Amino acid sequence: DDTALVSPIRKKKSDILIDNKDPLALSESIAIKIYSLVTSMKIDKGFIDNNTVSMMRDVVKTDTFNEIKSMILSLGKISLLKISQNANCYYSFWLNVFNFLTIFAIIYKSEIITNYYEFYRFLKNSYFVIGGCEISLYEIENIIIRKNEISKRIFGEIIKSDIKNLPRLD
């Protein structure tokens with residue numbers, strides 16, 4: 001059912017069957033599959049036009065994309081308890097999920113995002129069911145990833161190293 005994908009309509013948590021798949025392995029499989037699909041697309045880097053939108057609409061009709069879609073739907077049936085015990089696995093899972101779901105949603109909706117406001121709106125209005133709960137891309141980024149202690153350390157180190165490497169303005 002496509003309404004479970006990229007839906008702006010909030011739904012209540014439903015009774016679901018929990019799948020025993022490893023959430024981290026599933027997220028890595030989806031990420032590899034969608035990144036392979038994207039790299040096979042012939043997009044002129046930095047130049048998005050009507051041909052790109054047309055190409056995204058064509059990609060949505062492919063068997064590979066439908067396979068990715070069914071894999072993403074299976075995220076709704078997994079148990080997140082397996083990864084909640086290990087902070088590194090938890091962070092890796094959610095970072096993978098955020099990245100591939102963002103790419104998936106852009107292709108699925110055939111969106112061209114040209115500014116921050118459109119991206120913010122896009123994140124707020126793109127919902128997925130993960131572990132039986134409906135969550136938006138915005139919530140994944142701001143409530144899960146940015147609040148995570150590991151991400152704070154990693155992003156903090158990146159910022160520190162970037163600051164050290166900045167040229168002096170004398």
Side-chain angles (χ1 to χ4, degrees), residues 1-41 43 56-57 59-111 113 118-159:
D1 178 19
D2 284 357
T3 58
L5 295 170
V6 207
S7 168
I9 301 166
R10 298 296 293 220
K11 297 177 190 154
K12 293 183 179 179
K13 184 175 176 180
S14 60
D15 294 329
I16 59 163
L17 297 172
I18 299 296
D19 195 336
N20 286 327
K21 290 182 182 169
D22 176 20
L24 191 56
L26 179 61
S27 73
E28 289 170 353
S29 297
I30 298 169
I32 290 167
K33 197 151 206 60
I34 200 158
Y35 298 143
S36 297
L37 178 67
V38 169
T39 55
S40 72
M41 295 167 63
I43 298 176
M56 285 192 282
R57 288 185 182 136
V59 166
V60 170
K61 298 173 190 172
T62 65
D63 290 339
T64 303
F65 194 82
N66 285 326
E67 186 180 338
I68 293 168
K69 185 166 57 172
S70 67
M71 291 171 79
I72 288 172
L73 286 170
S74 70
L75 285 172
K77 298 177 183 177
I78 61 171
S79 171
L80 298 176
L81 293 175
K82 291 181 180 182
I83 60 166
S84 63
Q85 307 302 322
N86 183 321
N88 290 332
C89 288
Y90 182 80
Y91 179 68
S92 296
F93 171 81
W94 284 110
L95 195 57
N96 264 342
V97 166
F98 176 76
N99 288 327
F100 71 70
L101 287 181
T102 301
I103 293 168
F104 175 86
I106 288 170
I107 295 170
Y108 187 79
K109 292 180 170 186
S110 299
E111 290 267 342
I113 299 168
E118 289 176 2
F119 187 64
Y120 173 79
R121 179 190 49 78
F122 169 79
L123 293 178
K124 283 270 201 179
N125 293 315
S126 297
Y127 293 90
F128 295 89
V129 178
I130 301 172
C133 299
E134 188 171 285
I135 188 167
S136 72
L137 291 174
Y138 178 83
E139 293 165 329
I140 293 172
E141 178 187 23
N142 291 290
I143 295 171
I144 297 172
I145 294 174
R146 291 187 188 263
K147 299 293 182 193
N148 189 297
E149 286 301 316
I150 293 172
S151 67
K152 287 179 187 176
R153 282 199 310 263
I154 291 170
F155 291 131
E157 292 303 315
I158 291 170
I159 291 168

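Throughout, numbering of the chain's residues begins at 1 and tracks the sequence. Just so you know, these numbers use all the heavy atoms, side chains as well, and skip hydrogens, waters and symmetry mates. Everything numeric here is computed off the predicted structure, so don't read it as measured data.
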To the closest 0.5 Å, what do you measure between OG1 (T39) and CG (L37)? 8.0 Å
Which residues share a side-chain hydrogen bond (donor to acceptor under 3.5 Å, both in side chains) with E141, sequence neighbours left out: R146
Any side-chain heavy atom of F93 sitting closer than 4.5 Å to one from I78? yes
Quick one, I107 and V38 - any side-chain contact, counting heavy atoms below 4.5 Å? yes
Give the ring-plane orientation class for Y108 versus F65, where under 30° counts as parallel, over 60° as perpendicular and anything between as tilted. parallel
Hey, can you tell me if F122 and F119 have their rings parallel, tilted or perpendicular (30° and 60° cut-offs)? parallel
Side-chain heavy atoms of I135 within contact of C133, under 4.5 Å: no
Show your reasoning for whether side chain to side chain contact (heavy atoms under 4.5 Å, CB included) applies to S74 and L26. CA-CA 9 Å; S74 70; L26 179 61; 3.6 Å; yes
Pairwise distance CD1(I34) to CD1(I72) - rounded to 0.5 angstrom: 5.0 Å
Let's go through L101 and I130 carefully: what are the C-alpha distance in whole Å and the side-chain angles of both, what is the deciding distance for side chain to side chain contact (heavy atoms under 4.5 Å, CB included) to 0.1 Å, and is it a yes or a no? CA-CA 11 Å; L101 287 181; I130 301 172; 3.9 Å; yes
Can you find a pair of side-chain heavy atoms, one from L123 and one from I140, that are under 4.5 Å apart? no
Counting C-beta onward and ignoring hydrogens, is there a side-chain heavy-atom pair between L95 and I145 closer than 4.5 Å? yes
Is a side-chain donor or acceptor of S92 paired with a backbone partner of C89 at a separation under 3.5 angstrom? no
Can you measure from NZ (K33) to CD (E67) and round to the nearest 0.5 angstrom? 4.0 Å
Can you give me the closest heavy-atom contact between K61 and R57, atom names plus distance? CG-O, 3.6 Å
Evaluate the criterion side chain to side chain contact (heavy atoms under 4.5 Å, CB included) for residue pair I103 and Y35; output intermediate values, then yes/no. CA-CA 9 Å; I103 293 168; Y35 298 143; 3.3 Å; yes
Check this for me: does any side-chain nitrogen of one of E111 and R121 sit under 4.0 Å from a carboxylate oxygen of the other? yes
Between the CG atom in L137 and the OH atom in Y120, the distance rounded to the nearest 0.5 Å is 13.5 Å
When you measure from the side chain of Y127 to the backbone N and O of K124, does any donor-acceptor pair fall under 3.5 Å? yes
Residue pair I106 / M56, side-chain heavy-atom distance below 4.5 Å: yes
Would you indicate whether the side-chain heavy atoms of L73 and F128 approach each other to under 4.5 Å? no
Counting C-beta onward and ignoring hydrogens, is there a side-chain heavy-atom pair between L80 and W94 closer than 4.5 Å? yes
Minimum heavy-atom distance A105-S126, with the two atoms named: CB-OG, 4.2 Å
For L24 and Y90, run side chain to side chain contact (heavy atoms under 4.5 Å, CB included): C-alpha distance rounded to whole Å, both residues' side-chain angles, the deciding distance at 0.1 Å, then the answer. CA-CA 8 Å; L24 191 56; Y90 182 80; over 6 Å; no
Value for CD1 (I68) from OG (S29), rounded to nearest 0.5 Å, stands at 11.5 Å
